[in-house]
Trainee: 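Below you'll find the structure I mean.
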Amino acid sequence: MDDDILSNLTPPQLEAVIHKDGPMLVIAGAGSGKTRVVTRRIAYLISQGVWPSQILAMTFTNKAAKEMKSRVAALVGEEPRACGTFHSCCARFLRSDIELLKTGRTRDFTIYDTSEQQSVLKKVLKEANLKLPEGMTPRAFHELISMAKCRRQPFFDFAVGENLTAPERLAKIADLYEEKMVQLNAVDFDDLLYLTAKLLEEHPDVRDIYHNRFRYILIDEYQDTNHLQYELMRLLVGPSQNIHVTGDPDQSIYSWRGADYHNIMSFKDDYPDARIVRLEQNYRSTQVILETANHLIVNNGNRFEKNLFTDNDIGCPVVDITTGTDLQEAEWVCQKIMTLRATGEDLKDIAIFYRTNSQSRTLEEAFVRNHVPYQLLGGIRFYERAEIKDFLAFLRLKVNKSDIISLERIIGCLGCGIGAATTAKLEGIALEQHKPLVEFLAAPDFESRYPKANAKVKAFAKFLRNLLEIPMAPLAECVEQVLELSGLEDKYEGQINAEDRIDNMHELISNAITFADEHDDADLNSFLQEVALVADVDAHDANADFVTLMTLHSSKGLEFPYVFITGVEEGLLPHANSLYDEDGVEEERRLFYVGITRAKKQLCLIHCATRMMWNHREPRMPSRFLAELPEECVTKLYYGYRNYRK
DNA sequence: AAGACGGAGGTTTTT
DNA sequence: CCTCCGTCTT
């Protein structure tokens, strides 16, 4: 059925698929077959003689990229080579060309995650003896750095523009942070995009190479691009202007990350010759669900008018249920799921969405109690687990010997009797000898260079030498040997979660083996850089027999026959922190819209009269959005909620 | 100078 | 409830 590139397409879908040269914008409503269009178009291009290596496809998640690759492969037997998230594509570009930028970074750079980015900030503040303004956390400050970079503004200008207090001091700290990142041979997430844009801008010769290589560029979820990504796109698009973007302004939910849906609204201004195709027929949801979604979203002011319709069945009403407590909320969801299972439904067809990760806990407990198998996406991500970060620190240091943040982590988790003071002292001595710290410690003649070292330091230096001596190839053997040398298994042995933690570390090894199988050019460096950009939603297994739990944000791009959205309450959806302006509320409404439009057959919206929040039972109000739903589509129910009056 | 222990403080969403 | 930070003890 789907095995032929041009079969089973509606006229607008067909137009989007067979469009070959020049810019094109596809406004694709929820469930309108967007993924199908994008994959068919890639397959079509390949069937028309375009080489797979000439196609650059940027998606929002690695999962979407993976799916795109495999669906294209199923159609034409070949997959586009450059296919990934903005961040992973840029990481790949930088892996080959970062040295041209002469920032001092090498191709062995490390990608720091948010917590490491904060560690760098803290380190910088301490070293320079500077303080952030009262009430500003390193995390909040890094967000400002990120916003400035995403707007491609010097931090000082940004700070002045945003009316921040003490802009000079903040800019000083931001500069020190950048300097430190260079010293560490590290990049943060924004740097991946920022440095790639800089590379293309400053090196016309490199830009020409990319223009020649990527004759066709596709960008998915274009409504979620930020200014930096927009500029990156402009730089990547060659003279032939073969740029094909798809998106839906109503599903723009990442403005807090700098995403600006005006990018999609103004695409036709950037490319006046652009063909515009609208996909407005929904193939996913029942009429009731679609009507509910449409009725909700018209409450947003600034929209790209769109009229989504479906020929599907009417379907059963949306359930809007009030429960007394969050515990009852979880219990009701469980009961309902068990009923569905008893009537022959598969658990893999059921998903529960919520606004914040912390809401998952009560649900998980109920699932455990009721023996309902579930898989949780997000929350504490695999690669954020302490044991995995420990393990990665050893591996990272092997590739990037400037990565002092990883060195400090290694020192910390070895428990080898070396602390911050000793580390600082060693750093000072290494500096005196004009040697990077790791090189200084791991030098074969370390003991003669620094005879005053005590036994602990000597032992650590020897450990480091052994670590660095492990060959980096083949990948799997390297990873195994590093785990063995690190002693991490012994360290976690005897702790409460020992088994899980050790399993997790072994899972990392099998991830490395899989990675080596899937990539011919796999080495330790490329493995680590890939791992730094993997989100949990990418690990979602759509075929396992589990109920799926995730945030509303992670649900984008997925679909399930049965969808439950919990905590549809004021303060949670819309979230309390988004009430400061109307734009914030509109984004929350879009988020709710995204959640609703994931459902194919049935949708349940749940809110509680009271909820435990930081150990207090708080009274809760139903979300304002519930009042915006069409009455004729919604059935109201009550569970464990007695004092109800109509 | 390191590590254990206790108190305070703080929860949006993610590459 | 859990994480981070500072103090206290060794």
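Computed from a prediction, not measured in an experiment: that's the story for all the values here.
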Trainee: Can you tell me if A/K456 touches the phosphate of B/dA2, counting only side-chain N or O atoms and a distance under 4.0 Å to OP1 or OP2?
Mentor: no
Trainee: Using the P atom on both, measure C/dC4 against B/dT13 and round to a whole Å.
Mentor: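 Straight-line distance between the two P atoms is 15 Å.
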Trainee: Testing A/R624, A/H575, A/R355 for side chain to side chain donor-acceptor pair (under 3.5 Å) with A/E588, which one passes?
Mentor: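 Of A/R624, A/H575, A/R355, side chain to side chain donor-acceptor pair (under 3.5 Å) with A/E588 is met by A/R355 alone.
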Trainee: Verify the neighbour count for atom CZ of A/R152: are there more than 12 heavy atoms of other residues, nucleotides or ligands below 6.0 Å?
Mentor: yes
Trainee: Less than 4.0 angstrom from a charged side-chain N to a carboxylate O is my criterion; do A/K389 and A/D113 meet it?
Mentor: yes
Trainee: Round to a whole Å and report the spacing from CE of A/M147 to P of B/dT13.
Mentor: 18 Å
Trainee: If you assign each of A/I418 and A/E143 to its closest nucleotide in DNA chain B, which residue comes earlier from the 5' end?
Mentor: A/I418
Trainee: Ignoring backbone atoms, test whether A/N357 places a side-chain nitrogen or oxygen under 4.0 Å from the OP1 or OP2 oxygen of B/dT13.
Mentor: yes
Trainee: Measure from the side-chain N and O atoms of A/R598 to the backbone N and O of A/V594, and report whether any donor-acceptor pair falls under 3.5 Å.
Mentor: yes
Trainee: Answer yes when A/E178 and A/K149 have at least one side-chain N-carboxylate O distance shorter than 4.0 Å, and no when they do not.
Mentor: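 Yes, charged N to carboxylate O under 4.0 Å.
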Trainee: To the nearest Å, give me how far apart CD (A/E569) and P (B/dT11) are.
Mentor: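 Taking atom P of B/dT11 as the reference, CD of A/E569 is at 20 Å.
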Trainee: Is the shortest side-chain N/O distance from A/T551 to OP1 or OP2 of B/dT14 below 4.0 Å?
Mentor: yes
Trainee: Looking at A/S554, I'd like to know whether one of its side-chain N or O atoms comes within less than 4.0 Å of OP1 or OP2 on B/dT14.
Mentor: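 Affirmative; the distance criterion is met.
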Trainee: At under 4.0 Å, does any side-chain N or O of A/T422 touch on OP1 or OP2 of B/dA2?
Mentor: yes
Trainee: Looking at B/dT12 and A/W256: do their rings stack (centroid distance under 5.5 Å, interplanar angle under 30°)?
Mentor: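 Whether judged by distance or by angle, A/W256 falls short somewhere, so it does not stack on the base of B/dT12.
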Trainee: Would you say a side-chain N or O of A/R139 is under 4.0 Å from OP1 or OP2 of B/dT11?
Mentor: no
Trainee: Can you tell me if A/E221 uses its side chain to pair, donor with acceptor, with the backbone of A/M58 under 3.5 Å?
Mentor: no
Trainee: Round to the nearest Å and state the distance from A/R361 atom CZ to C/dT3 atom P.
Mentor: 9 Å
Trainee: Under 4.0 Å: is that the gap between some side-chain N or O of A/N454 and OP1 or OP2 of B/dA1?
Mentor: no
Trainee: Rounded to the Å, how far apart are A/I253 CD1 and B/dT12 P?
Mentor: 17 Å
Trainee: Are the ring of A/H553 and the six-membered base ring of B/dT13 within the stacking cut-offs of under 5.5 Å and under 30°?
Mentor: no
Trainee: Starting at NE2 of A/H227 and ending at P of B/dT15, how long is that distance when rounded to a whole Å?
Mentor: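 The distance from NE2 of A/H227 to P of B/dT15 comes to 23 Å, rounded to the nearest Å.
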Trainee: I need the CZ-C1' distance between A/F353 and B/dT12, as an integer number of Å.
Mentor: 17 Å
Trainee: Closest-nucleotide mapping onto DNA chain B: is A/R355 or A/T114 further toward the 5' terminus? I mean the 5' end.
Mentor: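 The answer here is A/R355.
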Trainee: To the side chain of A/E588, which of B/dT12, B/dT15, C/dC2 is closest?
Mentor: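 When the side chain of A/E588 is considered, B/dT12 is the closest of B/dT12, B/dT15, C/dC2.
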Trainee: Can you tell me how far P of B/dT14 sits from CG of A/L377, to the nearest Å?
Mentor: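 Value for this atom pair: 10 Å.
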Trainee: What integer distance in Å separates A/E364:CD from C/dC1:C1'?
Mentor: 14 Å
